[in-house]
Amino acid sequence: MRSFVSVVIAIGLAGLACTGAAWAADETKEKSPQQQRMADCNKTAGEKKLEGDARKQFMSSCLSGKSDAAPAAAPTQQEKMKSCNEEAGKKNLKGDDRKKFMSSCLSG
């Protein structure tokens, strides 16, 4: 009975060793150029916080290898407002200085 248990344990451990080796080999497997491009474009789109049609357009352009892969749509007024507001906060602007900065930032 002991030898049977030993054999079962040995087989189980061997199976785990093979599974671990296969998993490790899969982790080190290189990505194809298309897979790498997809990962890179996806990362860039995430960093740019693109969503919806702008993201689709960017991904299409990026995956086709166009170097000027950028969304066609300009930032929305809400996105501009958020960005300008953050900049003004970093610069610690108050009162009239903040108003002037925000006006300039939002118009250009």
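Both backbone and side-chain heavy atoms feed into the values below; hydrogens, waters and symmetry mates do not.
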Worksheet, complete the sentence: dist Lys56:NZ -> Leu50:CG (nearest 0.5 Å) comes out at 13.0 Å
Worksheet item: Distance from Gln34 atom CD to Leu63 atom CG, nearest 0.5 Å?
Response: 6.0 Å
Item to complete: Only counting residues at least two apart or in another chain, list the ones meeting side-chain hydrogen bond (donor to acceptor under 3.5 Å, both in side chains) with Gln36.
Response: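 Residues passing side-chain hydrogen bond (donor to acceptor under 3.5 Å, both in side chains) with Gln36: Asp40.
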Discussion item. I'd like to know whether CD of Glu47 has more than 12 heavy-atom contacts from other residues, nucleotides or ligands below 6.0 angstrom.
Written reply: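 Yes, the 6.0 Å shell around CD holds more than 12 heavy atoms from other groups.
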Worksheet item: Do the side chain of Gln35 and the main chain of Ser32 share a donor and acceptor less than 3.5 angstrom apart?
Response: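 Between the backbone of Ser32 and the side chain of Gln35 there is a qualifying donor-acceptor contact (under 3.5 Å).
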Fill in: Nearest heavy atoms of Met59 and Ala45, plus distance in Å
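Taking Met59 first and Ala45 second, the nearest heavy atoms are SD-CB, 4.0 Å.
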Practice prompt. Go through the side-chain N and O atoms of Arg98 and Asn85 and say whether any donor and acceptor fall under 3.5 Å apart.
Written response: yes
Worksheet item: So, Arg55 versus Asn42: side-chain donor-acceptor pair below 3.5 Å or not?
Response: yes
Fill in: Sequence-distant partners of Ser83, side-chain contact (heavy atoms from CB on, under 4.5 Å), two or more places apart
Glu87
Discussion item. Taking the side chain as everything from C-beta on, heavy atoms only, tell me whether Leu93 gets closer than 4.5 Å to Lys99.
Written reply: no
Sequence neighbours left out, cut at 3.5 Å: what donor-acceptor pairs do the side chains of residues 101-108 make with other protein atoms?
residue	atom	partner	partner atom	Å
Ser107	OG	Ser103	O	3.1
Ser107	OG	Ser104	O	3.1

Item to complete: Would you check, one step at a time, whether the test side chain to side chain contact (heavy atoms under 4.5 Å, CB included) holds for Lys49 with Glu79?
Response: CA-CA 11 Å; Lys49 298 179 181 167; Glu79 290 169 337; over 6 Å; no
